[in-house]
Amino acid sequence: MSNIDLKEQEIVRRNSLEEIKKLGINPYPAEKFDVNITTSEIKDNYKEDDNKYTDITIAGRIMSRRIMGKASFFELQDHKGKIQVYVNRDVICPDEDKTLYNTVFKKLLDIGDIVGIKGGVFTTKMGEISIKAQELTILSKSLRPLPIVKEKDGKTYDAFSDPELRYRQRYVDLIVNPGVKDVFLKRSKIINTMRNMFNQRGYVEVETPILQPIPGGASARPFITHHNALDIPLYLRIANELYLKRLIVGGFDGVYEFAKDFRNEGMDRTHNPEFTVMEIYVAYKDYKWMMEFTEEMLEKIAIELHGTTKVMIGGNEIDFKAPFRRLSMIDAIKEHTGIDITGMNENQLRDVCKQLDIEVDETFGKGKMIDEIFGEKAEAKMIQPTFITDYPVEMSPLCKKHRDNSELTERFELMVNGKELANAYTELNDPIDQLERFKDQLKLSEKGDDEAMFIDMDFVRALEYGMPPTSGMGIGIDRLTMFMTGQDSIQDVLFFPQMRPEKKVQQDDDSKFIDLGIAPEWVDVVKKLGFLTVNKLKESNPNKLHQDLCGMNKKHKLGLTNPKPEDVKSWIK
RNA sequence: GACCGAGUAGCUCAGUCGGUAGAGCAUCUGCCUUUUAAGCAGAGGGUCCCGAGUUCGAACCUCGGCUCGGUCACCA
């Protein structure tokens, strides 16, 4: 294999790999390696002069090395953390043969390699808890150099910080950047806390279709795909609401799903095309009950993660201690604009918008204008958790009308740090009203609103069989994780945020070059010089090309026989 | 989609007025038996994002493109 297109450090490592094999050591052994302890267990439990850990087996990645003649230290990182390992030549090589230390450990191992260690725990003169290696086993050789991140007294040096590289190669980010893994462990804990709470109450975790013939349950542009066997279009779900409510019709009293949803819209710091939502539906409840349920849930999560209800989010201390403030949308607008819009008609609302300098369109109805006023003037000011209730009916086609006012709905959104976190309804279970609302959506769609909801007649049919009064709630798991872990970008709470695919440079196959008469061993050299396609090569200057090729041969000590100038000319003609 | 910013060694970054491309860590060769952002001495490593233009000469100036980030727009 030609190494010409590899970087220096990669060549060194591949050579080391070959040397290891020549010594009869398998750099990628198949057999299991039984670990009996983790770094954190040692650090938490070891006390000096303690003989508890004289015979331990541990495995992990080499993260740094300090080699000093016959003794060395390296840092071993496992899934829990890091610990220092002390390697002494005459301990790991008790016999005459010092190859394992002098050659394998000192020369052939690198930062990034995964090794197993048997040994005992002790404390160094500097007071650091360390492992004295008795045996060292190579478990996996690493062929690419890791970015080197160093730390001292909690301060990080040379952090691996290029966002593009971090997201594209999250595995590297997770290895070298302390704290990245922690965000994802917390994400998992958030989900588990919710799941445990729901299961304790007897609610059932379910799975509903991701491929849907009608993308319902929300207003958003869907991704579309095609099923070949059925020869029909299918949509990736934008929500799972209508399916979960069908299950309530079917007799489940409580169902929930942690669902990946997909929306074909813009991407930014708070939006990714695929994202996770938890939706839960409970029969015989209303949205007031759901507020209590939601605040209890969030309080639990905060305590589980932080041991307190108080969480720092973007410079604000947010207190998730229940109960949260409840404020109707109209009162919220009154509070932040001084204007009481109660009972106003469409023209009056239009005047209010003008007065507040809010741009509105001729097509905007009452509901949309109220929503705009709230969004512009009040939303961002809701820092502490606040339930905003009683939304205009036009904005909420799946939500039951308010018991006291038919222009409003029994809906709440939970605002935290000026952003929406959760959304809930007393669910609309009147099939006739539901069909009317769907028809209103259809009118919007005919007016050109490409995000109005589709009519789902099967869902209406399900309601016609009778759905018990029900309350449902949805909460964005990505956003919740951002709040609970202090991240201000959704990309930092997703392992693999959506990125534009890496562009592949167009390249001709080696055989095309060989067809020109180029010897196979020279093809990589030609490509290294930047001539990735035959056409590009033909545009080159043959004299310069010949010189460059010979130069490469010499520089990289390839040991090839240089082509004659007339050979090079013959390739290009 | 619009505007702004960034792209230089494996990583983090300098790079003056347009004149032979630099540092730290990493790598390689030595020395070193409790070191720790190890140290000391030496060495190697570059498509300066890509392409065109201006110029005697471009990492640097101009134009076009690519990717990422930020702001806005769109949007449950």
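Chain A is the first sequence line, chain B the second, and so forth, proteins listed ahead of strands; every chain is numbered from 1. Atom set for the values below is all heavy atoms of this structure, side chains included, hydrogens, waters and symmetry mates excluded. Since this is a predicted model, take the numbers as computed values, not measurements.
Atoms CE (Met126(A)) and C1' (U33(B)) sit 16 Å apart, rounded to a whole Å. Distance Glu10(A) CD to A26(B) P: 18 Å, rounded to the nearest Å. One atom, CZ of Arg166(A), and another, C1' of U12(B), lie 14 Å apart when rounded to the nearest Å. To the nearest angstrom, P of C11(B) lies 17 Å from CG of Asp110(A). The interatomic distance linking Tyr86(A) (OH) with U35(B) (P) rounds to 10 Å, in whole Å. When the P atom of U67(B) is taken as reference, atom CE of Met267(A) falls 12 Å away, rounded to whole Å. When the P atom of U35(B) is taken as reference, atom CD1 of Ile131(A) falls 18 Å away, rounded to whole Å. Look at CG on Asp113(A): it is 11 Å from P on U27(B), rounded to the nearest Å.
Salt-bridge formation is not detected for the pair Glu410(A)/Lys400(A): no Lys NZ or Arg NE/NH1/NH2 atom is positioned less than 4.0 Å from an Asp or Glu carboxylate oxygen. Salt-bridge formation is not detected for the pair Asp440(A)/Arg437(A): no Lys NZ or Arg NE/NH1/NH2 atom is positioned less than 4.0 Å from an Asp or Glu carboxylate oxygen. Residues Asp478(A) and Arg187(A) are paired through a salt bridge, judged by an N-O separation under 4.0 Å between the basic side chain and the carboxylate.
The side chain of Glu8(A) has U27(B) as its nearest neighbour among C11(B), U34(B), U27(B). Nearest nucleotide to the Tyr167(A) side chain, out of U33(B), U35(B), G69(B): G69(B). Among U47(B), U33(B), C68(B), the nucleotide with an atom closest to any side-chain atom of Arg500(A) is C68(B). Proximity note for Lys132(A) (side chain, C-beta onward) versus U34(B), A37(B), C68(B): the nearest is U34(B). For Gln9(A), the side-chain atoms get nearest to A26(B) when compared with the rest of C68(B), U36(B), A26(B).
The gap from the C1' atom of A59(B) to that of G19(B) amounts to 13 Å, rounded to the nearest Å. Here the separation of A41(B) from U34(B), taken at their C1' atoms, is 24 Å to the nearest Å. To the nearest whole angstrom, the two P atoms, one in C49(B) and one in A14(B), are 14 Å apart. Comparing A21(B) with U16(B), their P atoms are spaced 14 Å from each other, to the whole Å. Rounded to whole Å, the separation between the C1' atoms of C25(B) and G70(B) comes to 29 Å. For A6(B) and U62(B), the P atoms lie 12 Å apart once the distance is rounded to whole Å. Distance noted for atom P between A9(B) and A23(B): 14 Å (whole Å). Nucleotides U27(B) and C17(B) place their P atoms 36 Å apart, quoted to the nearest Å.
Summarising the base pairing, A23(B) is matched to U12(B) through a Watson-Crick or G-U wobble pair whose two defining distances lie under 3.5 Å. Here G18(B) sits opposite no nucleotide as a Watson-Crick or G-U wobble pair (both hydrogen-bonding atom distances under 3.5 Å). In this structure, A52(B) forms a base pair with U62(B), meeting either the Watson-Crick or the G-U wobble geometry with both donor-acceptor distances under 3.5 Å. Taking a pair to require two hydrogen-bonding distances under 3.5 Å in either a Watson-Crick or a G-U wobble arrangement, A2(B) pairs with U71(B). Shown here, G39(B) forms a base pair with C31(B); the pair counts as Watson-Crick or G-U wobble because both key distances fall under 3.5 Å.
Under 4.0 angstrom from either OP1 or OP2 of A38(B) there lies at least one side-chain N or O belonging to Arg66(A). For Lys106(A) and U29(B), the shortest distance from a side-chain N or O to OP1 or OP2 is not below 4.0 Å. Within the structure, a side-chain polar atom (N or O) of Lys7(A) is placed less than 4.0 Å from OP1 or OP2 of U47(B). Between Arg269(A) and U71(B) there is a side-chain polar atom (N or O) within less than 4.0 angstrom of OP1 or OP2. Phosphate proximity of A38(B) to Arg65(A): absent, as no side-chain N or O sits under 4.0 Å from OP1 or OP2. When the side-chain nitrogen and oxygen atoms of Gln491(A) are compared with OP1 and OP2 of C68(B), none of them lie within a distance under 4.0 Å.
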Close N or O pairs between protein and nucleotides 21-25 of chain B (under 3.5 Å):
from   : atom 1 : to        : atom 2 : distance (Å)
C25(B) : O3'    : Lys150(A) : NZ     : 3.2

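Using a 4.0 Å heavy-atom distance criterion, Leu146(A) is classed as making no nucleic acid contact. In this structure, Arg411(A) reaches the bases: a heavy-atom distance under 4.0 Å links it to at least one base atom across the strands shown. When heavy atoms are screened at a 4.0 angstrom cut-off, Phe160(A) is found touching the sugar-phosphate backbone but no base atom. Residue contacts for Asp162(A): at a heavy-atom cut-off of 4.0 Å it reaches the sugar-phosphate backbone alone, with no base atom in range. Using a 4.0 Å heavy-atom distance criterion, Lys107(A) is classed as a sugar-phosphate-only contact. Within the 4.0 angstrom heavy-atom criterion, no nucleotide atom of any strand lies near Ala239(A). Heavy atoms of Arg479(A) sit nowhere under 4.0 angstrom from any nucleic acid atom. At the heavy-atom level, Glu75(A) lies nowhere under 4.0 Å from the strands shown.
Scanning atom types as modelled, no donor and acceptor separated by under 3.5 angstrom connect the side chain of Ser161(A) and the base of U12(B). Evaluation of atom-type donor-acceptor distances gives no pair under 3.5 Å for the side chain of Glu164(A) against the base of U67(B). With hydrogens and angles left out, the side chain of Glu151(A) and the base of A37(B) share no donor-acceptor pair within 3.5 Å.
Toward the 5' end of RNA chain B, the nearer of the two residues Val149(A) and Tyr157(A), judged by each one's closest nucleotide, is Val149(A). Between Glu128(A) and Leu165(A), the residue anchored closer to the 5' end of RNA chain B is Leu165(A), taking for each the nucleotide with the nearest heavy atom.
Between Met329(A) and Ile388(A), the shortest heavy-atom distance links the atoms CA-CG2, 3.9 Å.
Looking at heavy atoms from C-beta onward, Leu242(A) lies in side-chain contact with Leu398(A) at the 4.5 angstrom threshold. Put simply, the side chain of Glu257(A) does not reach to within 4.5 Å of the side chain of Glu279(A), judged on heavy atoms. Looking only at side-chain heavy atoms (C-beta outward), Phe374(A) and Met382(A) come within less than 4.5 Å of each other.
Between Phe73(A) and Tyr86(A), the ring-plane angle classifies as tilted under the 30° and 60° cut-offs.
The side-chain hydrogen bond (donor to acceptor under 3.5 Å, both in side chains) contacts involving residues 367-382 of chain A comprise nothing, where partners must be two or more places apart or lie in separate chains.
For Phe105(A) and Phe74(A), the ring centers sit closer than 6.0 Å to each other.
Partners of Arg166(A) under the side chain to side chain donor-acceptor pair (under 3.5 Å) rule, at least two apart in sequence or in another chain, are Asp173(A).
Between the side chain of Ser130(A) and the main chain of Glu128(A), a donor-acceptor pair closer than 3.5 Å is present.
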